[in-house]
Amino acid sequence: MPDDAKTWTWIHGERRGLADTIESLTPEQWRTPSLCVGWNVGAMAAHLLSSAEQTPGHFLGGMLGSGFSFNRAMEREIRARKDLSPQQIADGLR
């Protein structure tokens, strides 16, 4: 059985590292296309923040609101965070 405390310690450490990386990006890097078709680095960061903030109820509500389309639900989550600055996303991840 996994040790939840160790797992969450590791997750929080990785999120802090990701926040540090986000803060170091130039505006050009922020706008660079990611490996996910149609998403740039900023959209990917918004997606990662969305997953960090996710709760079971919010996820189910998003799935209901998207007609049970995971892709539509994720696109909606990104659009909701599209105007966040890199600093705001980094702060949210911390």
Side-chain angles (χ1 to χ4, degrees):
M1 178 163 285
D3 180 341
D4 287 346
K6 283 183 183 178
T7 300
W8 281 106
T9 297
W10 179 76
I11 289 169
H12 292 306
E14 292 299 313
R15 286 180 180 163
R16 281 190 301 275
L18 178 58
D20 292 344
T21 298
I22 288 170
E23 287 175 331
S24 73
L25 296 176
T26 66
E28 295 79 26
Q29 290 170 318
W30 188 250
R31 292 187 300 268
T32 299
S34 77
L35 296 177
C36 294
V37 176
W39 290 12
N40 63 18
V41 171
M44 181 56 69
H47 172 67
L48 293 171
L49 177 60
S50 171
S51 67
E53 295 176 337
Q54 196 64 263
T55 64
H58 185 82
F59 177 80
L60 289 173
M63 291 300 290
L64 275 169
S66 68
F68 292 96
S69 168
F70 182 78
N71 290 341
R72 278 196 303 261
M74 292 303 101
E75 287 292 335
R76 184 178 294 152
E77 291 291 328
I78 290 170
R79 280 194 310 274
R81 290 166 176 78
K82 72 179 177 73
D83 293 329
L84 293 178
S85 69
Q87 187 63 56
Q88 289 172 307
I89 291 178
D91 290 345
L93 287 168
R94 285 193 176 98

Exercise for the section: May I ask whether Val41 and Leu84 are part of the same hydrophobic cluster, defined by side-chain heavy atoms of I, L, V, M, F, W, Y residues being less than 4.5 angstrom apart, directly or through others? Expected result: yes

Exercise for the section: Identify whether Met74 and Met63 are in the same connected component of the hydrophobic contact network (ILVMFWY, side-chain heavy atoms under 4.5 Å). Expected result: yes

Handout entry: Listed partners of Glu75 passing salt bridge (charged side-chain N to carboxylate O under 4.0 Å, His left out), at least two apart
Key = none

Practice task
Can you establish whether the number of heavy atoms outside Leu64 located under 6.0 Å from its atom CG is more than 12?
Solution key: yes

Which atom of [X] lies closest to which atom of [Y], heavy atoms considered:
X	Y	answer
Ser66	Arg76	N-NH1, 3.7 Å
Ala90	Glu23	CB-CG, 3.7 Å
Met44	Ser34	CE-OG, 4.2 Å

Atom pair [atom1] ([X]) and [atom2] ([Y]), whose distance is rounded to the nearest 0.5 Å:
X	Y	atom1	atom2	result
Arg15	Arg94	CZ	CZ	13.0 Å
Leu60	Thr55	CG	OG1	8.5 Å
Ser50	Arg81	OG	CZ	4.0 Å
Thr9	Asp4	OG1	CG	10.5 Å
Leu93	Glu53	CG	CD	8.0 Å
Phe59	Ser51	CZ	OG	11.5 Å

Handout entry: Ile89, Ile78, Leu18 screened by side-chain contact (heavy atoms from CB on, under 4.5 Å) with Leu49, the one that passes
Key = Ile89

Handout entry: Residue pairs fulfilling ring pair (Phe, Tyr, Trp, His ring centres under 6.0 Å) with at least one residue in residues 12-58, sequence neighbours excluded
Key = Trp8-His12, Trp39-His47

Exercise for the section: Under the side-chain hydrogen bond (donor to acceptor under 3.5 Å, both in side chains) rule, collect the residues that match up with Glu14, sequence neighbours excluded. Expected result: none

